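Computed from a prediction, not measured in an experiment: that's the story for all the values here.
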Amino acid sequence: MLKMKKVLAKVTSVSVLAMVLTAMPIPAFAQTMLNATFEEDYNGFGPRANESVERVSTKAYEGQYSLYCSGRKDEWNGPVLSMGRGDWVAGETYSFSCAVYQETGSAVDMKLSLQYDDASGTTDWLQIATGTVPSGEWTILSNDAYTLPAGGSAMQLYVETASDLCDFYVDSIFSGSEGSTPGPVTPPAPTYRMGDVDHDDKIDATDRSKVIDFLLAKDDGSGLNADTADINKDGKVNSVDFSMLRQFFIYPDLTSTTTTTTTTTTTTTTTKPQTQQRIPGQFTNVADVSWIKASKVVALSFDDGPFNNGNPTRIQNALTKNGFHATFFYWGQHIQGNENEIREAEKRGFEVANHTWSHPDNWGSMDRNSVRSQYNQCKQALDKIVGEDRVYLLRNPYLAQSANIIGELSEVPMPNSGIDSEDWNGNSTQGIVSKIQQAAQQGRLDGQVVLMHENYDSTATAVEQLCPWLEQNGYAVVTVSEMFKFHNKQLKGGKVYNSCWD
């Protein structure tokens, strides 16, 4: 019979046996032969050939760790355990189960298998349990009454695929003998709706307050439950999740989503967005637009920061409080001492972007080597803060363009300005607000890149006023990358954009 800590999992059909854990009582066991959760070590598992089998914390079915199998050359490559380490007896009947996970984008047939030598010494292979594993979902392969071959020796338990050579995760590998003595039972985990971050069985202002206090660094997040606060299931709680939480109040039908209190197992209609992975040396739009429910979007973008001695700006706070995002083009020489502002931008789901190292006055007339140096110096400073090698969007200083810039930075998209707030030219708060409102009222704001600067109080006040007004008028304020993704437009390297319609 199946013994698992998890009792709320989506289980697909398997050719031997599959059990939906919430529908089955947890059985009794006379003896546990194997309970590999990988929380402390590899529990005796290793690679069958030259593939990589690593203990990782990036995915887990229970606890914090699982085994990640990659670099497979054959379908039978996968984590393997010599059963000589345990007390299995050939010819006896046992329960076997394991949790498997893959994210290829399509379903993969997987197996829990047995290798053994028969009485004549010939090696043979048998399938204990098989199943079709959907992409992005932990799935249980199980057989509650499997009889090991009589006379078998040199037995090995392993996980493999039927034909795919994909990478995959394995966790919670269990085997036990049947018996009448009750074993330890983990009670069913309660279920909560996505957005119920304090687990009080309701989604209300308290949930919003807890998330906003965390994002504004007023709280360390101890009052948050990650299973329901991480609404888009990307492994972190940030402004994207707050934006989606706000939508639950605007669109109450979205709150039917449920989740368990465990860290990884869910039954939910909210799925992790299928974003692309960053490709080294290329710009890849990895924006998540699942939170956007408005029909129109505008990209407010801010130059010349950071300026605030490590503290979040008024502009960041205004955007966050309204569940909005924006793109910040950072001036490299301003970064030292202000790194926390950029970390906050990254944490809140804003877009970190490049505004060159020294904001040179002669940007438009620089040679290609100087152009590359200006971009790379700022890039390297940003990479160090975000912890990742990225190709960043570039805002050209003074919006200057040249063949050298476009030719040298051929991998870099360059959003310039569809609407200029003219805050740099002394425009007042009211002047900035009026300019944006008029564009919206005239039907020419949707899809536009708006040029602003984060170092003016007039701009901060304008953003504080504009955010609620734009939401009331059917707009979402988004990053440049989000705007292009939302409208199904590409951001191409070496091209200058004033809007996503260019």
Treating Asp164 as the side-chain partner and Cys166 as the backbone partner, does any N or O pair qualify as donor plus acceptor under 3.5 Å?
no
* Could you tell me whether the side chain of Gln316 reaches within less than 4.5 Å of the side chain of Phe350, counting heavy atoms only? => yes
> So do the side chains of Tyr65 and Asp171 get within less than 4.5 Å of each other, counting heavy atoms only?
Replying inline: no
Value for OH (Tyr61) from OG1 (Thr139), rounded to nearest 0.5 Å, stands at 9.5 Å
Under the criterion side chain to side chain donor-acceptor pair (under 3.5 Å), I'd like the reasoning laid out for Ser481 against Glu351: C-alpha separation, chi angles, the key distance, then a yes or no. CA-CA 8 Å; Ser481 289; Glu351 185 166 32; 2.5 Å; yes
- Query: Taking Asp41 for the side chain and Asn43 for the main chain, is one N or O donor matched with an acceptor at less than 3.5 Å?
  - Reply: yes
Between Thr228 and Asp196 the two heavy atoms that sit nearest each other are OG1-O, 2.9 Å
Please examine the side chains of Ser70 and Ser52, heavy atoms only from C-beta on, and report whether any two atoms are closer than 4.5 Å.
-> yes
Next item on the list: Could you go through the side-chain contact (heavy atoms from CB on, under 4.5 Å) check for Met83 and Leu114 one step at a time?
Entry: CA-CA 10 Å; Met83 296 174 69; Leu114 176 74; 3.5 Å; yes
Requested in this report: Would you please say whether a donor-acceptor pair under 3.5 Å links the side chains of Gln115 and Trp125?
Outcome: yes
field: Polar side-chain atom of Gln156 near backbone of Leu81 as donor-acceptor pair, under 3.5 Å
entry: no
Geometric class of the Tyr101/Trp138 ring pair [parallel <30°, tilted 30-60°, perpendicular >60°]: tilted
- Query: Is there a donor-acceptor contact under 3.5 Å linking the side chains of Glu482 and His325?
  - Reply: yes
- Using a distance-only test with no angle check, is there a side-chain donor-acceptor pair under 3.5 angstrom linking Thr147 and Thr93? yes
Heavy atoms of Phe484 and Cys500 approach each other most closely as CZ-CA, 3.4 Å
Can you see whether Ser153 engages Asp117 through a side-chain donor-acceptor pair at a distance of less than 3.5 angstrom? no
Closest non-hydrogen contact found for Cys98 with Ile173 is CB-CG1, 3.8 Å
key: Plane angle bin for Phe45 and Phe38 - parallel if under 30°, tilted between 30 and 60°, otherwise perpendicular   = perpendicular
One should read off an interatomic distance between Leu382 CG and Ile335 CD1, to the nearest 0.5 angstrom, of 4.5 Å
(message) Do Trp291 and Val289 have side chains that approach each other closer than 4.5 Å (heavy atoms only, starting at C-beta)?
(response) no
* Go through the steps to decide whether Leu319 and Cys467 satisfy the test side-chain contact (heavy atoms from CB on, under 4.5 Å), and finish with yes or no. => CA-CA 7 Å; Leu319 292 162; Cys467 282; 4.0 Å; yes
Heavy atoms of Ala90 and Gly151 approach each other most closely as CB-N, 3.9 Å
With a 4.0 Å cut-off, would you call Glu388 and Lys379 a salt bridge? no
Output for pair (Gln490 CD, Lys485 NZ), nearest 0.5 Å, gives 11.0 Å
Worksheet entry | Donor-acceptor contact present, side-chain Arg343 to main-chain Ile385, <3.5 Å | no
Do side-chain atoms of Asn225 reach the backbone of Val197 as a donor and acceptor pair under 3.5 angstrom?
yes
Item to complete: Ignoring hydrogens and angles, tell me if any N or O in the side chain of Arg48 forms a donor-acceptor pair with the backbone of Trp76 under 3.5 Å.
Response: yes
May I ask you to check whether Asp109 and Thr132 show a side-chain donor-acceptor distance below 3.5 Å? yes
**Study point:** Sidechain-backbone polar pair: Glu160 side chain, Ser113 backbone, donor-acceptor under 3.5 Å
**Key:** no
Test item: Val100 and Tyr169 side chains (from C-beta on) under 4.5 Å apart, heavy atoms:
no
Distance col, row Ser177:OG vs Met33:CE, nearest 0.5 angstrom, shows 6.0 Å
Does the Ser97 side chain pair with the main chain of Ser142, one donor and one acceptor, at a distance under 3.5 Å? no
Are Lys59 and Phe168 in a cation-pi contact, defined as NZ or CZ under 6.0 Å from the six-membered ring centre and within 45° of the axis? no
Determine whether Thr479 and Thr327 satisfy the following criterion, side-chain contact (heavy atoms from CB on, under 4.5 Å), listing intermediate values before the conclusion. CA-CA 5 Å; Thr479 69; Thr327 300; 3.4 Å; yes
* Asked: Would a distance-only check, ignoring hydrogens and angles, find a side-chain to backbone donor-acceptor pair under 3.5 Å from Ser175 to Ser95?
  -> yes
Value for CG (Asp87) from CD (Glu92), rounded to nearest 0.5 Å, stands at 12.0 Å
Q.
Ring-plane angle category for Trp331 and His334, please: parallel below 30°, perpendicular beyond 60°, tilted otherwise.
A. parallel
Closest non-hydrogen atoms of Phe174 and Leu34, given as atom of the first, atom of the second and distance, are CD1-O, 3.1 Å
Compute whether any side-chain donor of one residue and acceptor of the other, for Thr37 and Glu39, lie under 3.5 angstrom apart.
-> no
- prompt: Is a side-chain donor-acceptor pair under 3.5 Å present for Arg314 with Asn317?
  reply: no
Is there side-chain contact between Leu141 and Met110, with heavy atoms separated by less than 4.5 Å? yes
Worksheet item: Do Tyr392 and Asp383 meet the criterion of a side-chain donor-acceptor pair at a distance under 3.5 Å?
Response: yes
As a quick check of understanding, evaluate side-chain contact (heavy atoms from CB on, under 4.5 Å) for Ile292 and Val297, giving each step before the final call. CA-CA 9 Å; Ile292 303 172; Val297 292; 3.9 Å; yes
Taking every heavy atom of Leu67 against every heavy atom of Arg55, the minimum-distance pair comes out as CD2-CA, 3.9 Å
Regarding Asp167 and Tyr68, do their side chains bring together a donor and an acceptor under 3.5 Å, going by distance alone? yes
Below 4.5 Å, heavy atoms only, C-beta onward: do Leu394 and Val412 meet side chain to side chain? yes
When rounded to the nearest 0.5 Å, the distance separating CG of Leu491 from CZ of Phe283 is 5.0 Å
Below 4.5 Å, heavy atoms only, C-beta onward: do Phe328 and Ile315 meet side chain to side chain? yes
For residues 63-79, the salt bridge (Lys or Arg N to Asp or Glu O under 4.0 Å) pairs (sequence neighbours left out) are none
Taking Asn143 for the side chain and Ile128 for the main chain, is one N or O donor matched with an acceptor at less than 3.5 Å?
yes
